[in-house]
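Notes to accompany the following structure.
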2 protein chains.
Amino acid sequence: MAMKAVVFRGAFDVGVETRPKPIIRDQTDAIIRVKLAGICGSELHMYRGHQKTATGHIMGHEFIGIIDQIGSDVSKFAVGDEVVSIFSPVCLRCWYCKQGLTNRCIEGVAFGTQKLDGGQAEFVRVPFADGTLQLVPADLDKSLLIMMCDIFPTGYYGACHANCDQSLDSLESSVVVCLGCGPVGICAIATARSKGIKTVLAVDSVQDRLDEAAHLGAIPLNLSKHNILEEVKSRTYGRGADAVIEVVGNPAALQSAFELLRPCGILSSVGFHQDNLPFTGLDCYLKNITMNFGRVPVRTVFNDALQCLIENQKALRNYVTHELSLDEAASGYDLFEKRVARKVILRVQALD
Amino acid sequence: MAMKAVVFRGAFDVGVETRPKPIIRDQTDAIIRVKLAGICGSELHMYRGHQKTATGHIMGHEFIGIIDQIGSDVSKFAVGDEVVSIFSPVCLRCWYCKQGLTNRCIEGVAFGTQKLDGGQAEFVRVPFADGTLQLVPADLDKSLLIMMCDIFPTGYYGACHANCDQSLDSLESSVVVCLGCGPVGICAIATARSKGIKTVLAVDSVQDRLDEAAHLGAIPLNLSKHNILEEVKSRTYGRGADAVIEVVGNPAALQSAFELLRPCGILSSVGFHQDNLPFTGLDCYLKNITMNFGRVPVRTVFNDALQCLIENQKALRNYVTHELSLDEAASGYDLFEKRVARKVILRVQALD
């Protein structure tokens, strides 16, 4: 049987093509009939050609749908269940999964890559369904739920590593900077505010993003209008920020994060970095810095992060600016890449 | 009045000279009649000429003695009290001190530098005596107490940042590597073992240091005999260490620390680094690494670290291999620099 799917053809070129409907390969698989699929900022690395990759795979690692078929070893779900997926499979069997470090599951290849077709399609095969899927919760709008596949937990993780999970006394006086107010930054800001950080300084150059950050209670700082270091110092008696959440993923952002931090501050980096680190060992020693890098264990933080998203759903209700059909995917990538759209969701009408 | 003091004259050249006895400059000062002074590994950076510095200052940031004179604003001590000093002054008044981040006290210049004469002398001026000094505890040999000025808290801090302070369940199965078994490494190993880490792998190339590490319950790995990465992997089902404590302070050690870590591992670096970081942003992202750099807030950890040292005092009783007179300081530096001595202490007989 055939289906429609959004295929990566090369830089700035995605399009809907006809592909075979996926089938169960392992008895831990499920086949999902997709209802909603998101376009994620991390896909823009590939779309823009920065992240070199072969072509021909189906895009998308954010999706919600109905279980259409199921392998005999899937025990937690049944055909007909409405589920939301994590951006990469979670086997639940390896040492990392058993420690809760599901971000480093040994089976964890991302959906929407050469290694695993993604969810911007009418159907998608989900390996290790018991670990990779979660039932759709009742109390959250589904267009926001798509944020739980990747960006909300990622922002949540960035905020928690910036010590937003500590005692309230300290939180109230903490000054946390979020560098980058794209989708993940907005999720980090929402989390930091929910966790009790009064002063979150939101840094970006796109006014629409800063407006959204301000809407969530952050203090917006426009890179093109403000001297960010001076703004941070003026709010911290000249010391610098207690923590910086860096979600951008380039050396300039990392260098700025480092400079904005006070001694003994925390650098929480969830951006995808590909270059050298723009600071030295001496810098690190003298700053007495703590740094966290890398991707979130979505499954481990899922329930806490979901709670945080539910708390913020009213403030985020206008966050998804564009809902398009699967056929309009190319236009969705274009709008998102040009920063016209905050978040694009593809509504999929699968044939039986 | 004159006194004898160990003066830095240039690389590989220290010697005893006559200097004026220090006087109270600020009313928060105390003048200490020194009884014992240690030579610290970090002074070898200067001694060996790696750390360029002007000459003429009095060496030493490890010392114990009797309060000889006291400023009118010192409230916690009296003339005649026997005290041990922290390696750099702690004002107790600045924002950092109030947060317990005494390692970044705004008044915190190290003893034994151009900015502040040190304690390898008959007398030493101690700024901010109330914060910088601690009463000598009753239940510890003084030649071991000298380790509390710097190296034991530094090793303690390195071990605690390697997550040795978490729940026992996890500690028992954790594999922690200590890279470098000089004085600070030995203190880190003692702490890690006291905190319940069963498997501490101690890495060095000096057999005497490895013997001491083994004496404290670590598994010694000789750099010149073992493939360290293979040894670590063979004990961790191929994953790598849960945490690495790096006390060496050069890029090779830092690179090795990075390579020995499993994904989501912790790199705790207390070594003094002056070079570029030998790993990239992509390395950090893919390793999902947590890193801590820098110096210990001695005052904040003092009591806990002291308890740990007291627990280990029997095992460490032979740790100080050389007790010399102040006049023999040059010989002490030479023995320590050549790794003939594990730890050198200068016994000072001050004149009145």
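Chain letters run A, B, ... following the sequence lines, proteins first and then strands; every chain starts at 1. Note that the coordinates shown come from a computational prediction; the quantities given were computed from them, not determined experimentally.
Judged by distance alone, the side chain of A:Asp150 and the main-chain N or O of A:Phe87 form no donor-acceptor pair under 3.5 Å. In terms of modelled atom types and a separation under 3.5 Å, the side chain of B:Thr102 and the main chain of B:Cys97 share no donor-acceptor contact.
Looking only at heavy-atom pairs under 4.5 Å with chain A, the residue among B:Asn288, B:Leu254, B:Ile266 that has the most is B:Asn288. Among A:Trp95, A:Tyr237, A:Phe279, the residue with the largest count of heavy-atom pairs under 4.5 Å with chain B is A:Trp95. In terms of heavy-atom pairs under 4.5 Å with chain A, the best-connected choice from B:Gln99, B:His273, B:Gln274, B:Lys287 is B:His273. Comparing B:Ser269, B:Gly249, B:Cys284 by heavy-atom pairs within less than 4.5 Å of chain A, the highest count is held by B:Cys284. When each of B:Asn276, B:Leu277, B:Leu267, B:Leu101 is scored by its heavy-atom pairs under 4.5 Å with chain A, the top score falls to B:Leu277.
Looking at A:Arg295, the atoms closer than 4.5 Å to chain B (heavy atoms on both sides) sit in the backbone and in the side chain alike. The contact between A:Asp275 and chain B is made entirely by backbone atoms, counting heavy-atom distances below 4.5 Å. The part of A:Tyr96 that comes within reach of chain B is its side chain, from C-beta onward, which places non-hydrogen atoms under 4.5 angstrom from that chain.
Counting heavy atoms from C-beta outward, A:Leu92 and A:Arg299 have side chains that approach closer than 4.5 Å. B:Tyr156 has its side chain out of reach of B:Val296: every pair of non-hydrogen atoms, C-beta onward, lies at least 4.5 Å apart. Between A:Glu231 and A:Leu201 there is no side-chain heavy-atom pair separated by less than 4.5 Å.
With values rounded to the nearest 0.5 angstrom, B:Ile197 atom CD1 is found 11.0 Å from B:Thr191 atom OG1.
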